[in-house]
Amino acid sequence: MAGPRSLWLQEALRAEDGVESQELLEDTKADICIVGGGYTGLWAAIQAKSEDPGREVVVLEAATVGFGASGRNGGFLSSSLTHGLGNGLARFPDEMRTLEALAEKNYDGFREDLARLEIDCGFEETGHLGVALEPYELADLEEEAELMRRFGHEVEVLDEAAVRAEVDSPTYVGGLWARDGAAMVDPGRLAAGLADAALALGVHIYERSPATSLEARGAGVDVLTAAGKVSARRVLLATSAFPPLLRRLRHYLAPVYDYVLVTEPLSELQRRAIGWEHRQGLDDRSNQFHYYRLTPDDRILFGGYDAVYRFRGPVGARYDDHDPTFNRLSQHFGMAFPQLEGLRFSHRWGGAIDTCSRFSVFFGTAHDGRVAYAVGYTGLGVGATRFGARVALDLLDGRETEATRLEFVRRRPVPFPPEPLRSAVIQLTRNRLAAADRADGRRGVWLRALDRLGLGFDS
Ligand SMILES: Cc1cc2nc3c(=O)[nH]c(=O)nc-3n(C[C@H](O)[C@H](O)[C@H](O)COP(=O)(O)OP(=O)(O)OC[C@H]3O[C@@H](n4cnc5c(N)ncnc54)[C@H](O)[C@@H]3O)c2cc1C
(Lines give C-alpha, C1' and ligand atoms only; values in the text may rest on other atoms or scores of the structure.)
Protein backbone atom coordinates (compact mmCIF):
# COMPACT_ATOMS: atom_id res chain seq x y z
CA MET A 1 0.00 0.00 0.00
CA ALA A 2 1.33 3.44 -0.90
CA GLY A 3 1.56 6.32 1.59
CA PRO A 4 -1.53 7.66 3.33
CA ARG A 5 -3.88 9.21 0.81
CA SER A 6 -7.63 9.71 0.90
CA LEU A 7 -9.39 7.73 -1.80
CA TRP A 8 -11.75 10.67 -2.23
CA LEU A 9 -8.97 13.24 -2.53
CA GLN A 10 -7.21 11.00 -4.99
CA GLU A 11 -10.23 10.39 -7.17
CA ALA A 12 -12.26 13.60 -7.21
CA LEU A 13 -9.97 16.27 -5.94
CA ARG A 14 -6.61 15.66 -7.58
CA ALA A 15 -4.61 18.87 -7.73
CA GLU A 16 -4.24 18.66 -11.51
CA ASP A 17 -8.03 18.60 -11.91
CA GLY A 18 -8.29 21.25 -9.20
CA VAL A 19 -11.13 23.67 -9.46
CA GLU A 20 -9.38 26.88 -10.48
CA SER A 21 -5.80 26.27 -9.49
CA GLN A 22 -5.12 29.85 -8.73
CA GLU A 23 -3.31 31.46 -5.82
CA LEU A 24 -3.91 34.89 -4.40
CA LEU A 25 -0.99 36.87 -5.79
CA GLU A 26 -2.10 40.45 -5.23
CA ASP A 27 -4.35 42.55 -3.02
CA THR A 28 -8.03 42.32 -3.78
CA LYS A 29 -11.38 43.43 -2.39
CA ALA A 30 -14.48 41.48 -1.45
CA ASP A 31 -17.83 41.90 0.23
CA ILE A 32 -17.31 38.59 1.95
CA CYS A 33 -14.02 36.76 2.37
CA ILE A 34 -14.44 33.14 3.44
CA VAL A 35 -11.43 31.44 4.99
CA GLY A 36 -11.46 27.66 4.38
CA GLY A 37 -12.47 25.72 1.27
CA GLY A 38 -14.23 22.78 2.93
CA TYR A 39 -17.98 22.18 3.00
CA THR A 40 -18.68 25.08 5.40
CA GLY A 41 -16.76 27.60 3.31
CA LEU A 42 -18.13 26.35 -0.01
CA TRP A 43 -21.76 26.21 1.15
CA ALA A 44 -21.37 29.71 2.56
CA ALA A 45 -19.95 30.95 -0.76
CA ILE A 46 -22.83 29.39 -2.72
CA GLN A 47 -25.47 30.72 -0.35
CA ALA A 48 -23.96 34.23 -0.22
CA LYS A 49 -23.71 34.49 -3.99
CA SER A 50 -27.09 32.89 -4.70
CA GLU A 51 -29.00 35.32 -2.51
CA ASP A 52 -27.12 38.38 -3.75
CA PRO A 53 -25.31 37.82 -7.08
CA GLY A 54 -23.94 41.36 -6.91
CA ARG A 55 -21.73 40.53 -3.92
CA GLU A 56 -18.02 39.84 -4.44
CA VAL A 57 -17.33 36.57 -2.66
CA VAL A 58 -13.77 35.29 -2.23
CA VAL A 59 -12.72 31.94 -0.74
CA LEU A 60 -9.17 31.54 0.55
CA GLU A 61 -8.05 27.93 0.90
CA ALA A 62 -4.67 27.11 2.49
CA ALA A 63 -4.16 23.93 0.43
CA THR A 64 -6.70 22.76 -2.14
CA VAL A 65 -10.48 22.61 -1.97
CA GLY A 66 -11.60 19.68 0.22
CA PHE A 67 -8.12 19.19 1.64
CA GLY A 68 -9.38 19.02 5.24
CA ALA A 69 -12.04 16.80 6.79
CA SER A 70 -14.34 17.44 3.79
CA GLY A 71 -12.09 15.37 1.51
CA ARG A 72 -11.37 12.66 4.07
CA ASN A 73 -14.60 11.75 5.82
CA GLY A 74 -16.74 8.63 5.73
CA GLY A 75 -19.47 10.25 3.66
CA PHE A 76 -22.25 9.55 6.18
CA LEU A 77 -24.79 12.32 5.72
CA SER A 78 -27.00 12.64 8.78
CA SER A 79 -29.86 15.08 9.22
CA SER A 80 -28.92 15.62 12.88
CA LEU A 81 -27.49 19.02 13.78
CA THR A 82 -26.78 17.94 17.36
CA HIS A 83 -24.67 14.79 16.96
CA GLY A 84 -27.75 12.68 17.55
CA LEU A 85 -31.00 13.11 19.42
CA GLY A 86 -29.63 11.92 22.77
CA ASN A 87 -26.80 14.46 22.78
CA GLY A 88 -29.14 17.24 21.65
CA LEU A 89 -31.72 16.45 24.32
CA ALA A 90 -29.09 16.32 27.05
CA ARG A 91 -27.87 19.82 26.18
CA PHE A 92 -30.77 21.68 24.56
CA PRO A 93 -33.94 19.92 25.79
CA ASP A 94 -36.20 22.95 25.28
CA GLU A 95 -34.99 23.55 21.74
CA MET A 96 -34.95 20.01 20.45
CA ARG A 97 -38.26 20.22 18.56
CA THR A 98 -37.07 23.35 16.74
CA LEU A 99 -33.60 21.89 16.14
CA GLU A 100 -35.11 18.75 14.67
CA ALA A 101 -37.41 20.80 12.42
CA LEU A 102 -34.41 22.85 11.26
CA ALA A 103 -32.45 19.62 10.75
CA GLU A 104 -35.16 18.17 8.53
CA LYS A 105 -35.35 21.40 6.55
CA ASN A 106 -31.58 21.41 6.12
CA TYR A 107 -31.53 17.77 5.01
CA ASP A 108 -34.30 18.33 2.46
CA GLY A 109 -32.58 21.52 1.29
CA PHE A 110 -29.33 19.59 0.90
CA ARG A 111 -31.03 17.07 -1.39
CA GLU A 112 -32.73 19.86 -3.38
CA ASP A 113 -29.47 21.81 -3.71
CA LEU A 114 -27.66 18.76 -5.10
CA ALA A 115 -30.31 18.55 -7.83
CA ARG A 116 -30.46 22.31 -8.45
CA LEU A 117 -26.68 22.72 -8.61
CA GLU A 118 -26.27 19.46 -10.56
CA ILE A 119 -23.82 18.00 -8.06
CA ASP A 120 -23.33 14.30 -8.71
CA CYS A 121 -21.83 12.98 -5.48
CA GLY A 122 -23.19 9.45 -5.34
CA PHE A 123 -26.04 10.48 -3.02
CA GLU A 124 -27.76 7.27 -1.84
CA GLU A 125 -30.60 7.45 0.67
CA THR A 126 -29.80 4.18 2.37
CA GLY A 127 -30.63 5.08 5.95
CA HIS A 128 -28.27 4.25 8.77
CA LEU A 129 -27.70 0.95 10.56
CA GLY A 130 -26.38 1.01 14.13
CA VAL A 131 -25.25 -2.48 15.12
CA ALA A 132 -25.01 -3.93 18.63
CA LEU A 133 -21.95 -6.08 19.28
CA GLU A 134 -22.76 -6.97 22.90
CA PRO A 135 -25.98 -8.30 24.44
CA TYR A 136 -26.07 -5.44 26.96
CA GLU A 137 -26.49 -3.00 24.06
CA LEU A 138 -29.79 -4.60 22.99
CA ALA A 139 -31.91 -2.95 25.68
CA ASP A 140 -30.79 0.49 24.45
CA LEU A 141 -31.97 -0.25 20.91
CA GLU A 142 -35.66 -0.33 21.88
CA GLU A 143 -35.26 2.78 24.00
CA GLU A 144 -33.54 4.71 21.24
CA ALA A 145 -36.07 3.57 18.65
CA GLU A 146 -38.86 4.85 20.90
CA LEU A 147 -37.13 8.21 21.29
CA MET A 148 -36.56 8.55 17.54
CA ARG A 149 -40.18 7.69 16.79
CA ARG A 150 -41.30 10.40 19.22
CA PHE A 151 -39.42 12.84 17.00
CA GLY A 152 -41.08 11.48 13.87
CA HIS A 153 -38.28 9.24 12.59
CA GLU A 154 -38.88 5.94 10.87
CA VAL A 155 -36.84 3.25 12.62
CA GLU A 156 -36.78 -0.49 12.88
CA VAL A 157 -35.19 -2.65 15.59
CA LEU A 158 -33.51 -5.75 14.18
CA ASP A 159 -32.72 -8.93 16.09
CA GLU A 160 -29.59 -10.93 15.43
CA ALA A 161 -31.01 -12.88 12.49
CA ALA A 162 -32.50 -9.75 10.91
CA VAL A 163 -29.35 -7.66 11.24
CA ARG A 164 -27.22 -10.47 9.84
CA ALA A 165 -29.66 -10.80 6.96
CA GLU A 166 -28.78 -7.17 6.18
CA VAL A 167 -25.01 -7.38 6.68
CA ASP A 168 -23.52 -10.69 7.63
CA SER A 169 -21.01 -10.28 10.42
CA PRO A 170 -20.71 -12.87 13.19
CA THR A 171 -20.04 -10.00 15.61
CA TYR A 172 -23.58 -8.53 15.35
CA VAL A 173 -26.25 -9.36 17.90
CA GLY A 174 -28.85 -6.75 16.90
CA GLY A 175 -29.33 -3.45 15.17
CA LEU A 176 -31.29 -0.27 14.70
CA TRP A 177 -32.07 0.77 11.15
CA ALA A 178 -32.94 4.47 10.89
CA ARG A 179 -34.62 4.64 7.52
CA ASP A 180 -34.93 8.39 7.12
CA GLY A 181 -32.61 11.36 7.56
CA ALA A 182 -29.48 9.43 6.59
CA ALA A 183 -27.74 9.05 3.25
CA MET A 184 -24.32 8.24 1.86
CA VAL A 185 -22.27 10.55 -0.36
CA ASP A 186 -18.88 10.49 -2.03
CA PRO A 187 -17.18 13.22 0.03
CA GLY A 188 -14.65 14.21 -2.65
CA ARG A 189 -17.25 14.54 -5.37
CA LEU A 190 -19.37 16.60 -2.99
CA ALA A 191 -16.49 19.01 -2.29
CA ALA A 192 -15.54 19.24 -5.97
CA GLY A 193 -19.19 19.70 -6.97
CA LEU A 194 -19.71 22.48 -4.44
CA ALA A 195 -16.55 24.21 -5.65
CA ASP A 196 -17.66 23.97 -9.29
CA ALA A 197 -21.09 25.35 -8.36
CA ALA A 198 -19.51 28.23 -6.46
CA LEU A 199 -17.26 29.08 -9.41
CA ALA A 200 -20.19 28.95 -11.81
CA LEU A 201 -21.98 31.50 -9.62
CA GLY A 202 -18.97 33.82 -9.85
CA VAL A 203 -17.20 33.10 -6.56
CA HIS A 204 -13.42 33.53 -6.64
CA ILE A 205 -11.58 30.60 -5.08
CA TYR A 206 -7.90 30.98 -4.31
CA GLU A 207 -6.10 27.74 -3.44
CA ARG A 208 -2.66 27.39 -1.81
CA SER A 209 -3.37 30.74 -0.16
CA PRO A 210 -3.32 30.38 3.63
CA ALA A 211 -4.68 33.35 5.54
CA THR A 212 -2.18 34.33 8.21
CA SER A 213 -4.05 36.97 10.21
CA LEU A 214 -6.99 39.35 10.42
CA GLU A 215 -6.68 43.11 10.81
CA ALA A 216 -9.70 45.33 11.44
CA ARG A 217 -9.45 48.29 9.08
CA GLY A 218 -12.04 51.07 8.68
CA ALA A 219 -15.44 49.49 8.41
CA GLY A 220 -14.01 46.17 7.24
CA VAL A 221 -11.34 43.58 7.89
CA ASP A 222 -8.16 42.78 5.98
CA VAL A 223 -7.40 39.09 5.62
CA LEU A 224 -3.65 38.76 5.14
CA THR A 225 -1.82 36.08 3.19
CA ALA A 226 1.88 35.84 2.32
CA ALA A 227 1.35 37.24 -1.19
CA GLY A 228 -1.54 39.68 -0.80
CA LYS A 229 -4.53 40.63 1.25
CA VAL A 230 -8.27 40.55 0.83
CA SER A 231 -9.90 43.74 2.07
CA ALA A 232 -13.36 42.54 2.98
CA ARG A 233 -16.48 44.05 4.41
CA ARG A 234 -17.20 40.76 6.22
CA VAL A 235 -15.18 37.62 6.97
CA LEU A 236 -16.46 34.11 7.57
CA LEU A 237 -14.09 31.66 9.25
CA ALA A 238 -14.60 28.02 8.23
CA THR A 239 -11.30 26.49 9.31
CA SER A 240 -12.57 23.55 11.38
CA ALA A 241 -9.77 21.78 13.30
CA PHE A 242 -6.96 23.87 11.80
CA PRO A 243 -5.24 26.56 13.90
CA PRO A 244 -7.86 29.31 14.12
CA LEU A 245 -7.25 32.92 13.16
CA LEU A 246 -9.08 33.97 16.33
CA ARG A 247 -7.02 32.83 19.29
CA ARG A 248 -10.06 32.51 21.56
CA LEU A 249 -11.29 29.56 19.48
CA ARG A 250 -8.36 27.46 20.66
CA HIS A 251 -10.04 27.12 24.05
CA TYR A 252 -13.04 25.42 22.53
CA LEU A 253 -11.50 23.14 19.91
CA ALA A 254 -9.45 19.97 20.27
CA PRO A 255 -8.19 18.59 16.94
CA VAL A 256 -8.68 14.82 17.16
CA TYR A 257 -7.34 12.49 14.49
CA ASP A 258 -9.61 9.83 13.06
CA TYR A 259 -8.26 7.09 10.76
CA VAL A 260 -9.69 5.12 7.88
CA LEU A 261 -8.86 1.98 5.86
CA VAL A 262 -10.35 1.17 2.46
CA THR A 263 -10.25 -2.26 0.80
CA GLU A 264 -9.79 -3.20 -2.83
CA PRO A 265 -13.14 -3.46 -4.68
CA LEU A 266 -15.06 -6.59 -3.65
CA SER A 267 -15.62 -9.37 -6.16
CA GLU A 268 -19.15 -10.62 -6.86
CA LEU A 269 -18.45 -13.57 -4.57
CA GLN A 270 -17.15 -11.42 -1.73
CA ARG A 271 -20.13 -9.12 -2.05
CA ARG A 272 -22.50 -12.08 -1.80
CA ALA A 273 -20.65 -13.36 1.27
CA ILE A 274 -21.58 -10.25 3.28
CA GLY A 275 -24.94 -9.28 1.81
CA TRP A 276 -25.33 -5.54 2.39
CA GLU A 277 -27.89 -5.21 -0.40
CA HIS A 278 -29.28 -1.98 1.04
CA ARG A 279 -25.83 -0.38 1.29
CA GLN A 280 -26.58 1.37 4.61
CA GLY A 281 -23.95 3.43 6.37
CA LEU A 282 -23.16 1.38 9.42
CA ASP A 283 -21.55 1.87 12.80
CA ASP A 284 -21.34 -0.11 15.97
CA ARG A 285 -22.67 1.30 19.18
CA SER A 286 -19.68 1.18 21.49
CA ASN A 287 -18.11 4.34 22.91
CA GLN A 288 -15.07 3.52 20.80
CA PHE A 289 -16.98 2.83 17.61
CA HIS A 290 -16.14 1.75 14.08
CA TYR A 291 -17.98 3.12 11.07
CA TYR A 292 -18.15 1.32 7.76
CA ARG A 293 -19.72 1.68 4.37
CA LEU A 294 -19.57 0.51 0.78
CA THR A 295 -18.02 2.98 -1.65
CA PRO A 296 -19.68 3.60 -5.04
CA ASP A 297 -17.27 1.03 -6.57
CA ASP A 298 -17.94 -1.55 -3.83
CA ARG A 299 -14.91 -1.22 -1.63
CA ILE A 300 -15.41 -1.25 2.12
CA LEU A 301 -14.37 1.84 4.02
CA PHE A 302 -13.67 0.97 7.66
CA GLY A 303 -12.71 3.69 10.13
CA GLY A 304 -12.92 5.04 13.64
CA TYR A 305 -12.27 3.35 17.00
CA ASP A 306 -9.15 5.25 18.03
CA ALA A 307 -9.64 8.99 18.35
CA VAL A 308 -6.11 10.31 18.66
CA TYR A 309 -5.48 13.58 20.43
CA ARG A 310 -1.85 14.72 20.55
CA PHE A 311 -0.28 17.18 22.97
CA ARG A 312 -1.24 20.74 21.90
CA GLY A 313 -3.41 19.37 19.08
CA PRO A 314 -1.13 19.70 16.04
CA VAL A 315 -2.64 19.27 12.55
CA GLY A 316 -0.60 18.42 9.46
CA ALA A 317 0.30 15.85 6.81
CA ARG A 318 2.71 14.00 9.12
CA TYR A 319 -0.22 12.88 11.27
CA ASP A 320 -2.09 11.29 8.36
CA ASP A 321 -0.20 8.06 9.05
CA HIS A 322 -0.58 6.11 12.30
CA ASP A 323 0.42 2.47 12.12
CA PRO A 324 -0.86 1.41 15.56
CA THR A 325 -4.37 2.51 14.59
CA PHE A 326 -4.20 1.02 11.08
CA ASN A 327 -3.05 -2.31 12.55
CA ARG A 328 -5.88 -2.27 15.06
CA LEU A 329 -8.46 -1.39 12.40
CA SER A 330 -7.17 -4.15 10.14
CA GLN A 331 -7.47 -6.67 12.97
CA HIS A 332 -10.99 -5.51 13.83
CA PHE A 333 -11.99 -5.71 10.16
CA GLY A 334 -10.85 -9.35 10.13
CA MET A 335 -13.08 -10.08 13.12
CA ALA A 336 -16.06 -8.27 11.57
CA PHE A 337 -15.80 -10.07 8.23
CA PRO A 338 -13.83 -13.33 8.57
CA GLN A 339 -15.36 -14.47 5.27
CA LEU A 340 -13.33 -11.76 3.49
CA GLU A 341 -9.96 -13.12 4.63
CA GLY A 342 -7.27 -12.20 2.12
CA LEU A 343 -9.00 -9.01 0.95
CA ARG A 344 -6.38 -6.28 0.86
CA PHE A 345 -6.50 -2.62 1.80
CA SER A 346 -5.70 -0.17 -0.98
CA HIS A 347 -5.98 3.13 0.92
CA ARG A 348 -5.39 4.45 4.39
CA TRP A 349 -5.49 7.97 5.75
CA GLY A 350 -6.23 10.17 8.70
CA GLY A 351 -7.95 13.50 9.16
CA ALA A 352 -8.48 16.04 11.90
CA ILE A 353 -11.86 16.43 13.56
CA ASP A 354 -12.81 19.72 15.25
CA THR A 355 -13.99 18.25 18.54
CA CYS A 356 -15.69 20.54 21.05
CA SER A 357 -17.15 19.61 24.41
CA ARG A 358 -20.78 19.68 23.21
CA PHE A 359 -20.12 17.66 20.00
CA SER A 360 -21.93 20.06 17.67
CA VAL A 361 -21.21 23.17 15.61
CA PHE A 362 -20.99 26.41 17.53
CA PHE A 363 -20.96 29.99 16.34
CA GLY A 364 -19.81 33.44 17.26
CA THR A 365 -18.71 36.81 15.98
CA ALA A 366 -15.67 39.04 16.49
CA HIS A 367 -14.46 42.49 15.43
CA ASP A 368 -17.85 44.12 16.10
CA GLY A 369 -19.74 41.53 14.11
CA ARG A 370 -17.59 41.85 10.99
CA VAL A 371 -16.18 38.34 11.48
CA ALA A 372 -18.27 35.21 12.13
CA TYR A 373 -17.35 31.56 12.52
CA ALA A 374 -18.96 28.11 12.41
CA VAL A 375 -16.75 25.33 13.81
CA GLY A 376 -16.88 22.34 16.18
CA TYR A 377 -18.91 19.78 14.20
CA THR A 378 -17.09 16.93 16.02
CA GLY A 379 -17.21 14.23 13.37
CA LEU A 380 -20.74 14.86 12.11
CA GLY A 381 -20.47 17.73 9.68
CA VAL A 382 -21.31 16.40 6.24
CA GLY A 383 -24.92 17.58 6.58
CA ALA A 384 -24.58 20.12 9.39
CA THR A 385 -22.05 22.27 7.48
CA ARG A 386 -24.80 23.46 5.14
CA PHE A 387 -26.72 24.70 8.19
CA GLY A 388 -23.53 26.06 9.81
CA ALA A 389 -22.79 28.13 6.71
CA ARG A 390 -26.33 29.53 6.66
CA VAL A 391 -26.23 30.57 10.31
CA ALA A 392 -22.75 32.14 10.07
CA LEU A 393 -23.90 34.19 7.05
CA ASP A 394 -27.00 35.33 8.92
CA LEU A 395 -24.83 36.39 11.86
CA LEU A 396 -22.58 38.36 9.50
CA ASP A 397 -25.56 40.06 7.88
CA GLY A 398 -27.12 40.79 11.29
CA ARG A 399 -30.20 38.87 10.24
CA GLU A 400 -32.34 37.48 13.04
CA THR A 401 -33.82 34.09 12.22
CA GLU A 402 -35.43 31.18 14.02
CA ALA A 403 -31.96 29.64 14.26
CA THR A 404 -30.01 32.68 15.43
CA ARG A 405 -32.43 33.16 18.33
CA LEU A 406 -31.65 29.69 19.71
CA GLU A 407 -29.40 29.03 22.68
CA PHE A 408 -27.87 26.40 20.40
CA VAL A 409 -26.49 29.23 18.26
CA ARG A 410 -25.89 31.82 20.98
CA ARG A 411 -24.16 29.64 23.55
CA ARG A 412 -20.54 28.56 23.20
CA PRO A 413 -19.38 25.13 24.46
CA VAL A 414 -17.59 24.73 27.77
CA PRO A 415 -13.90 25.34 26.99
CA PHE A 416 -11.28 22.61 27.33
CA PRO A 417 -8.63 23.30 29.98
CA PRO A 418 -5.21 24.53 28.79
CA GLU A 419 -2.28 22.16 28.29
CA PRO A 420 -0.89 20.07 29.88
CA LEU A 421 -4.17 19.50 31.74
CA ARG A 422 -6.06 19.22 28.46
CA SER A 423 -4.09 16.17 27.30
CA ALA A 424 -4.42 14.55 30.70
CA VAL A 425 -8.20 15.06 30.85
CA ILE A 426 -8.74 13.81 27.30
CA GLN A 427 -6.57 10.72 27.85
CA LEU A 428 -8.34 9.93 31.10
CA THR A 429 -11.74 10.31 29.43
CA ARG A 430 -10.74 8.07 26.51
CA ASN A 431 -9.42 5.51 28.94
CA ARG A 432 -12.69 5.56 30.95
CA LEU A 433 -14.79 5.29 27.77
CA ALA A 434 -12.82 2.18 26.78
CA ALA A 435 -13.29 0.80 30.30
CA ALA A 436 -17.07 1.38 30.04
CA ASP A 437 -17.09 -0.63 26.77
CA ARG A 438 -15.41 -3.50 28.63
CA ALA A 439 -17.82 -3.26 31.58
CA ASP A 440 -21.15 -3.76 29.78
CA GLY A 441 -21.47 -0.03 29.17
CA ARG A 442 -21.40 0.97 32.86
CA ARG A 443 -20.11 4.50 33.14
CA GLY A 444 -17.75 5.01 36.06
CA VAL A 445 -17.46 7.98 38.41
CA TRP A 446 -15.44 10.14 35.99
CA LEU A 447 -17.83 9.78 33.05
CA ARG A 448 -20.87 10.30 35.26
CA ALA A 449 -19.32 13.49 36.62
CA LEU A 450 -18.70 14.74 33.07
CA ASP A 451 -22.26 13.79 32.09
CA ARG A 452 -23.60 15.88 34.97
CA LEU A 453 -21.51 18.85 33.83
CA GLY A 454 -22.65 18.40 30.23
CA LEU A 455 -19.08 17.68 29.11
CA GLY A 456 -17.59 14.96 27.05
CA PHE A 457 -15.23 13.71 24.44
CA ASP A 458 -16.29 12.17 21.14
CA SER A 459 -15.33 12.01 17.49
C1 LIG B 1 -11.69 10.80 9.06
C2 LIG B 1 -12.97 11.60 9.19
C3 LIG B 1 -14.19 10.97 9.02
C4 LIG B 1 -15.38 11.72 9.12
N5 LIG B 1 -16.55 11.11 8.82
C6 LIG B 1 -17.71 11.83 8.80
C7 LIG B 1 -18.92 11.25 8.36
O8 LIG B 1 -18.95 10.12 7.88
N9 LIG B 1 -20.05 12.01 8.43
C10 LIG B 1 -20.04 13.29 8.88
O11 LIG B 1 -21.09 13.94 8.96
N12 LIG B 1 -18.87 13.90 9.24
C13 LIG B 1 -17.72 13.20 9.19
N14 LIG B 1 -16.53 13.81 9.51
C15 LIG B 1 -16.56 15.26 9.83
C16 LIG B 1 -16.75 16.12 8.58
O17 LIG B 1 -15.87 15.69 7.58
C18 LIG B 1 -16.48 17.58 8.95
O19 LIG B 1 -17.34 17.96 10.01
C20 LIG B 1 -16.70 18.55 7.79
O21 LIG B 1 -16.04 18.13 6.63
C22 LIG B 1 -16.20 19.93 8.23
O23 LIG B 1 -16.16 20.77 7.10
P24 LIG B 1 -15.46 22.20 7.24
O25 LIG B 1 -15.58 22.85 5.94
O26 LIG B 1 -16.01 22.89 8.44
O27 LIG B 1 -13.94 21.85 7.59
P28 LIG B 1 -12.77 21.29 6.65
O29 LIG B 1 -13.27 20.38 5.61
O30 LIG B 1 -11.71 20.74 7.56
O31 LIG B 1 -12.23 22.56 5.92
C32 LIG B 1 -11.44 23.53 6.52
C33 LIG B 1 -10.55 24.09 5.43
O34 LIG B 1 -9.92 25.28 5.89
C35 LIG B 1 -8.64 25.33 5.33
N36 LIG B 1 -7.86 26.25 6.18
C37 LIG B 1 -7.51 26.08 7.47
N38 LIG B 1 -6.83 27.15 7.91
C39 LIG B 1 -6.78 28.03 6.89
C40 LIG B 1 -6.21 29.31 6.72
N41 LIG B 1 -5.57 29.93 7.71
N42 LIG B 1 -6.32 29.93 5.50
C43 LIG B 1 -6.99 29.33 4.49
N44 LIG B 1 -7.54 28.10 4.60
C45 LIG B 1 -7.44 27.45 5.77
C46 LIG B 1 -8.15 23.90 5.37
O47 LIG B 1 -7.10 23.66 4.48
C48 LIG B 1 -9.42 23.13 5.03
O49 LIG B 1 -9.53 22.84 3.66
C50 LIG B 1 -15.33 13.11 9.44
C51 LIG B 1 -14.10 13.72 9.62
C52 LIG B 1 -12.92 13.01 9.50
C53 LIG B 1 -11.60 13.69 9.68
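Each ligand, and each atom within it, is numbered from 1 in the order the structure gives. Not measured: the values here are computed from a predicted model.
- Judged by the shortest distance from any of its heavy atoms, Tyr291 lies inside the 4.0 Å radius around the atoms of ligand 1.
- Centroid-to-centroid, the aromatic rings of Phe326 and Phe345 stay 6.0 Å apart or farther.
- Contacts with ligand 1 closer than 4.0 Å are made by backbone heavy atoms (N, CA, C, O) of Arg72 only, the side chain lying farther away.
- Here the rule is side-chain contact (heavy atoms from CB on, under 4.5 Å) with Tyr377, and of Thr40, Ile353, Val382 only Thr40 fits it.
- Annotation for ligand 1: atoms under 4.0 Å from non-hydrogen atoms of Thr385 are 22 (C), 23 (O).
- Classification of Asp140 and Arg285 as a salt-bridged pair fails, no side-chain N sitting under 4.0 Å from a carboxylate O.
- Contacts with ligand 1 closer than 4.0 Å are made by backbone heavy atoms (N, CA, C, O) of Leu60 only, the side chain lying farther away.
- Here Lys29 does not pair with Glu56 in a salt bridge; the nearest charged N to carboxylate O distance is not below 4.0 Å.
- Using cut-offs of 30° and 60° on the angle between ring planes, the pair Phe123 and Tyr107 is tilted.
- The aromatic rings of Phe92 and Phe408 lie perpendicular to each other, with more than 60° between the two planes, well past the 30° mark.
- Polar contact check, Thr239 against ligand 1: no nitrogen or oxygen pair lies under 3.5 Å apart.
- Side-chain contact between Leu237 and Pro244 is absent, with no heavy-atom pair separated by less than 4.5 Å.
- Evaluated by nearest non-hydrogen atom to atom 31 (O) of ligand 1, the leading choice among Ala44, Ala374, Gly38 is Gly38.
- For the pair Gly379 and ligand 1, a heavy-atom separation below 4.0 Å is found.
- The protein heavy-atom contact nearest to atom 47 (O) of ligand 1 is Glu61 OE2, 2.6 Å.
- In this structure, of Ala211, Ser240, Ala69, the residue bringing a heavy atom nearest to atom 27 (O) of ligand 1 is Ser240.
- For Glu407, the CD atom counts as densely surrounded, since its 6.0 Å shell holds more than 12 non-hydrogen atoms of other residues, nucleotides or ligands.
- The pair Glu215-Lys229 does not meet the salt-bridge criterion, since no charged nitrogen lies less than 4.0 angstrom from a carboxylate oxygen.
- Nearest non-hydrogen protein atom to atom 34 (O) of ligand 1 is Gly36 CA, 3.2 Å.
- Counting heavy atoms closer than 4.0 Å to ligand 1, residue Phe76 contributes atoms from both its backbone and its side chain.
- Among the atoms of Pro243, none of the N or O lies under 3.5 angstrom from an N or O of ligand 1.
- Ring pair Tyr206/His204 is parallel by interplanar angle, where below 30° counts as parallel and above 60° as perpendicular.
- The protein heavy atom nearest to atom 26 (O) of ligand 1 is Thr40 OG1, 2.8 Å.
- Note: Phe242 and Phe67 have tilted aromatic rings, judged against thresholds of 30 and 60 degrees for the angle between ring planes.
- Counting only heavy atoms of the protein, atom 6 (C) of ligand 1 lies nearest to Asn73 CB, 3.4 Å.
- Taking every heavy atom of Gly351 and a limit of under 4.0 angstrom, the matching atoms of ligand 1 come to 53 (C).
- Under the 4.0 angstrom criterion for non-hydrogen atoms, Gly303 is not in contact with ligand 1.
- Ion pairing of Arg312 with Glu419 is absent here, as no side-chain N (NZ or NE/NH1/NH2) approaches a carboxylate O to less than 4.0 Å.
- The aromatic rings of His332 and His290 lie perpendicular to each other, with more than 60° between the two planes, well past the 30° mark.
- For ligand 1, none of its N or O atoms has an N or O atom of Thr64 under 3.5 Å away.
- On a distance-only criterion, Ser70 and ligand 1 share at least one N/O pair closer than 3.5 Å.
- The only member of Glu264, Gln10, Arg5, Glu11 that meets side chain to side chain donor-acceptor pair (under 3.5 Å) when paired with His347 is Gln10.
- Within the 4.0 Å heavy-atom criterion, neither part of Ala241 lies near ligand 1.
- Every atom of ligand 1 with a heavy atom of Pro210 under 4.0 Å away is listed here by number and element: 42 (N), 43 (C).
- Residue contacts with ligand 1 for Val35 involve side-chain atoms from C-beta outward but no N, CA, C or O (heavy atoms, distance under 4.0 Å).
- Nearest-heavy-atom check against atom 10 (C) of ligand 1 across Val382, Asp354, Asp258 picks out Val382.
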I would like to know whether Tyr252 and Arg412 meet side chain to side chain contact (heavy atoms under 4.5 Å, CB included); could you show each step before the answer? CA-CA 8 Å; Tyr252 301 113; Arg412 240 81 62 218; 3.8 Å; yes
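- Looking from atom 19 (O) of ligand 1 to the surrounding protein, the closest heavy atom is Gly381 CA, 3.2 Å.
- Every N/O-N/O distance between Gly383 and ligand 1 stays at or above 3.5 Å.
- Taking the six-membered ring where the residue is Trp, Tyr172 and Tyr292 present tilted rings, their angle falling between 30° and 60°.
- Contacts of Tyr377 with ligand 1, taken as heavy-atom pairs under 4.0 Å, involve the side chain alone.
- Atom numbering of ligand 1 starts at 1 in the shown order; those under 4.0 Å from a heavy atom of Ala238 are 32 (C), 33 (C), 34 (O).
- At under 3.5 Å, not a single nitrogen or oxygen of Gly41, backbone or side chain, sits near a nitrogen or oxygen of ligand 1.
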